[in-house]
Amino acid sequence: MKNTSSSSTLLLPRCTKPWEWGRILFPSLVSILTSMEYTSGAGVTSLAEYMSTRDVKRLEEGSKATVRGWVYRWRDLGKRVFIVVRDSEGILQLVASKGFTPEDVIEKARRASIESSIIAEGVVRRDRRAPGGVELRLTNLEIVGHAEDFPIKGGEGIDYLLDIRHLWIRSRKLTAMWRLRHKAFEIFREFFKKRGYWEVSPPMLTQAAVEGGATLFEVNFFGKKAYLTQSAQFYLEALIFSLERVWTLAPSFRAERSRTRRHLYEYWHLEAEAAWERMDGMMRLVEDLVAYTVGRLVETAHEELEVLGRNVEALEPSRKTPYPRITYEEAINILKRKGVKVEYGDDLGADEERILTEEFETPFFITHFPLELKSFYMKEDPQRPGHALAFDLLAPEGVGEIVGGSEREDNYEVLRKRIEERGYNVDDYQWYLDLRRYGSVPHSGFGLGVERFLMWVGGRDHIRDTIPFPRFRDRIYP
RNA sequence: GCCGGGGUAGCUCAGCUAGGUAGAGCGCCGGGCUGUUAACCCGGUGGUCGGGGGUUCAAGUCCCCUCCCCGGCGCCA
């Protein structure tokens with residue numbers, strides 16, 4: 001017995017019965033067989049037109065309806081069985097009661113364990129006691145996939161839940177977040193299309209760093225060292241020489257061993273770059289993007305925000321632009337006035353950022369950082385030597401930096417000198433320098449951390465709640 | 001990389017300061033219940049105390065080594 005279970009843990013952790021192995025090893029075959037069974041039998045499915053739980057709630061009292069989903073709650077009161085079924089649109093209560101529901105259906109309802117997939121047919125009834133005010137009085141029920149004892153019952157710790165993330169993602173709050181995320185992606189695309197930006201596809205595999213640091217994931221590229229990209233910026237810069245205004249939404253990878261609630265090793269990066277654009281214009285684009293997306297999400301995702309428990313009122317001020325702008329120097333002075341021990345030239349750390357966000361109820365810009373605090377490719381402000389034409393956008397409510405952007409250095413010699421000063425290998429950046437040799441143009445761009453943006457809009461205090469399978473803290477399973 | 005916290009039942013945790021037969025709640029299993037909302041009531045089930053070594057008559061508890069996890073910092077979006 002010991003041997004059997006230990007050898008099966010490799011591939012089949014929870015499955016000790018030999019007759020169940022086939023289901024795991026040949027899922028597609030089994031699903032074909034079972035789906036044939038469902039459609040050819042005299043079961044519920046053969047006569048049904050399925051509805052979402054959302055659509056059922058719009059039906060008249062007494063209408064017949066058939067829904068498909070998973071058992072979310074289950075209670076047996078003896079002569080009455082309550083099942084709350086969950087689908088991609090929401091939840092709906094099913095009631096099996098003696099005198100109305102056939103005995104064999106009540107028996108099936110008793111066996112419908114939490115997370116079993118079911119097809120249920122019944123009659124619509126409006127009842128205050130039902131969650132959402134509508135329920136289905138069961139007339140027929142089919143258990144499609146019986147669920148073993150589901151490991152999530154409530155009260156589990158984060159560590160355990162992350163081990164079973166593939167099951168945890170079914171939860172209502174996380175599902176609401178995947179829907180919110182989808183809608184945000186849609187709105188981003190809509191925004192850039194309206195603004196005349198071309199969507200482009202930069203590479204994920206690259207030869208060198210954008211920031212030039214040791215924060216990259218190394219990849220063996222047929223014997224050559226390559227890296228997973230940490231930003232599409234350089235490639236977007238190359239593309240503006242034909243398309244002028246470009247944007248992309250793609251993963252970025254950072255190998256820094258960060259241990260905070262707002263870091264991912266793999267995150268989705270919304271980046272844009274525009275020829276002829278100066279820093280001011282780029283900042284206006286960023287605030288328009290953020291305000292537009294927040295506004296559209298408040299309008300179109302109120303149900304998701306409600307499930308997430310988000311106080312939507314707090315987002316209202318952020319629908320209007322312009323957002324406040326302060327310089328780095330002003331930020332330092334604000335911090336000093338509040339008794340924080342900082343000096344001009346210090347980088348703004350997490351504590352400093354949080355204190356600053358308390359000053360504003362909308363996102364706000366910090367601009368004109370000392371040149372040496374920022375990346376080599378950022379242009380020096382001719383009006384204020386020693387300062388970069390760079391901006392960060394910080395989200396309120398303690399979220400902090402969600403956007404970093406700048407006007408780029410467009411002079412070949414200046415850029416080359418900056419690369420050398422930082423001790424980077426000029427050869428690695430030659431193609432990037434070339435862009436300044438053939439019709440260089442003033443240009444600016446930015447990058448927005450999608451998960452951080454969703455943290456703010458969705459009111460989450462941890463970034464893991466904004467992406468289905470977060471890659472952070474050395475977690476790679478599942 | 002640094003600072004702090006933790007690993008005991010399927011899950012959440014108490015027990016460790018003061019060494020002496022392993023505890024609670026939830027879950028799970030069985031039974032009951034005609035409106036449950038994380039249902040409730042009764043009964044039952046449950047452990048190589050992360051791993052290794054040491055001290056001791058005796059170690060979850062004390063000492064040493066080691067692995068893993070969590071909160072935060074630095075860095076960033």
Side-chain angles (χ1 to χ4, degrees), chain A residues 2 14 72-84 91-101 106 109 113-114 125 127-133 135 137 148-164 171-172 209-211 213-216 230-233 249-271 286 346-354 373-375 391-395 399-405 446-456 461-464 466-467 472-475 477:
Chain A
K2 269 228 161 98
R14 290 180 65 86
Y72 178 64
R73 296 280 188 269
W74 177 94
R75 291 174 206 100
D76 181 0
L77 272 68
K79 299 210 168 68
R80 194 157 292 184
V81 182
F82 294 92
I83 292 173
V84 179
I91 58 172
L92 178 70
Q93 177 160 280
L94 313 172
V95 190
S97 46
K98 291 211 168 184
F100 181 85
T101 307
I106 294 179
S113 54
I114 298 286
R125 164 182 172 134
D127 192 314
R128 281 180 180 280
R129 296 168 295 188
E135 63 189 16
R137 306 172 75 197
E148 294 175 33
D149 183 31
F150 200 66
I152 302 173
K153 332 246 181 207
E156 291 81 8
I158 297 298
D159 184 32
Y160 176 67
L161 287 169
L162 284 169
D163 286 340
I164 50 170
S171 78
R172 284 195 79 206
V210 168
E211 314 278 347
T215 60
L216 296 154
Q230 60 177 192
S231 167
Q233 180 194 323
L249 180 48
S252 279
F253 306 86
R254 307 251 165 134
E256 277 165 337
R257 299 220 166 197
S258 276
R259 302 186 66 84
T260 79
R261 66 184 62 185
R262 51 184 209 288
H263 274 89
L264 291 168
Y265 293 159
E266 175 188 71
Y267 67 98
W268 285 73
H269 210 170
L270 178 70
E271 294 176 278
V286 167
D346 292 346
D347 218 338
L348 300 176
D351 287 342
E352 289 78 26
E353 266 193 12
R354 198 177 50 252
L373 290 184
K374 288 292 180 181
S375 297
F391 60 91
D392 286 352
L393 185 73
L394 275 65
V399 173
E401 188 175 355
I402 57 171
V403 173
F446 73 91
L448 175 145
V450 169
E451 287 78 15
R452 287 190 183 174
F453 175 78
L454 290 171
M455 263 177 93
W456 169 50
D461 64 3
H462 203 295
I463 201 161
R464 69 172 162 246
T466 63
I467 186 166
F472 71 128
R473 303 216 161 175
D474 300 344
R475 268 188 178 277
Y477 177 95

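Please read these numbers as outputs of a predicted model, since none were measured by experiment. Residue numbers begin at 1 in each chain, while the letters A, B, ... track the order of the sequences.
- Backbone-only engagement by A:Gly155 is indicated by non-hydrogen atom pairs under 4.0 Å involving sugar-phosphate atoms exclusively.
- Between A:Phe453 and A:Trp456, the ring planes lie perpendicular to each other; the angle is over 60°, past the 30° to 60° tilted range.
- At least one side-chain heavy atom of A:Ile158 sits less than 4.5 Å from a side-chain heavy atom of A:Arg464.
- Counting atom types as modelled, A:Ser258 pairs a side-chain N or O with a base atom of B:G74 as donor and acceptor under 3.5 Å.
- Of the candidates B:C76, B:G71, B:U36, B:U36 carries the atom nearest the A:Arg75 side chain, counting heavy atoms from C-beta on.
- Using N1 to N3 plus N6-O4 or O6-N4 for Watson-Crick, or N1-O2 and O6-N3 for G-U wobble, each under 3.5 Å, B:C2 pairs with B:G72.
- Residue A:Tyr160 has its side chain nearest to B:G10 when only B:G10, B:U36, B:C76 are considered.
- Two residues are said to be in side-chain contact when any heavy atoms from C-beta on lie closer than 4.5 Å; A:Arg452 and A:Tyr267 fail this criterion.
- Considering only the side chain of A:His269, B:A77 comes nearest among B:C75, B:A77, B:G1.
- No donor-acceptor pair under 3.5 Å is formed between the side chain of A:Glu353 and the backbone N or O of A:Asp351.
- Pairing for B:U48 is absent, with no Watson-Crick or G-U wobble pair whose two atom distances lie under 3.5 Å.
- Nucleic acid contact for A:Val84: none, since no nucleic acid atom lies under 4.0 Å from a heavy atom of the residue.
- Summarising the geometry, the separation between CG on A:Asp76 and P on B:G31 is reported as 10 Å, rounded to the nearest angstrom.
- Nearest-nucleotide positions on RNA chain B for A:Leu264 and A:Leu77 put A:Leu77 closer to the 5' end.
- A salt bridge between A:Asp392 and A:Lys374 is present, with a side-chain N of the basic residue lying under 4.0 Å from a carboxylate O of the acidic one.
- A:Arg452 contributes a side-chain N or O that forms a donor-acceptor pair with the base of B:C76 under 3.5 Å.
- Checking B:C76, B:U36, B:G71 against every side-chain atom of A:Phe82, the shortest atom distance belongs to B:U36.
- B:U21 and B:A59 have their C1' atoms separated by 14 Å, with the value rounded to a whole Å.
- With distances taken from any side-chain atom of A:Arg73 to the nucleotides B:C69, B:C2, B:A38, the minimum falls on B:A38.
- Between A:Leu249 and A:Trp268, some side-chain heavy-atom pair lies under the 4.5 Å cut-off.
- For B:G23 and B:C16, the C1' atoms lie 14 Å apart once the distance is rounded to whole Å.
- Remark: the separation of the P atoms in B:G46 and B:C3 is 44 Å, to the nearest Å.
- In terms of position along RNA chain B, the nucleotide closest to A:Ile114 lies nearer the 5' end than the nucleotide closest to the other residue of the pair A:Arg137 and A:Ile114.
- Here, B:A9 and B:A24 have their P atoms 14 Å apart, quoted to the whole Å.
- Distances shown here put every side-chain N or O of A:Lys153 at or beyond 4.0 Å from the OP1 or OP2 atom of B:G27.
- Side-chain nitrogen and oxygen atoms of A:Arg128 include none within less than 4.0 Å of the OP1 or OP2 phosphate oxygen of B:U36.
- Residue A:Glu135 is in base contact, counting any heavy-atom pair closer than 4.0 Å across all strands shown.
- The C1' atoms of B:G7 and B:G60 are separated by 12 Å, rounded to the nearest whole Å.
- Distances were taken from every side-chain heavy atom of A:Ala350 (C-beta onward) to each of B:U36, B:C11, B:C73; the shortest belongs to B:C73.
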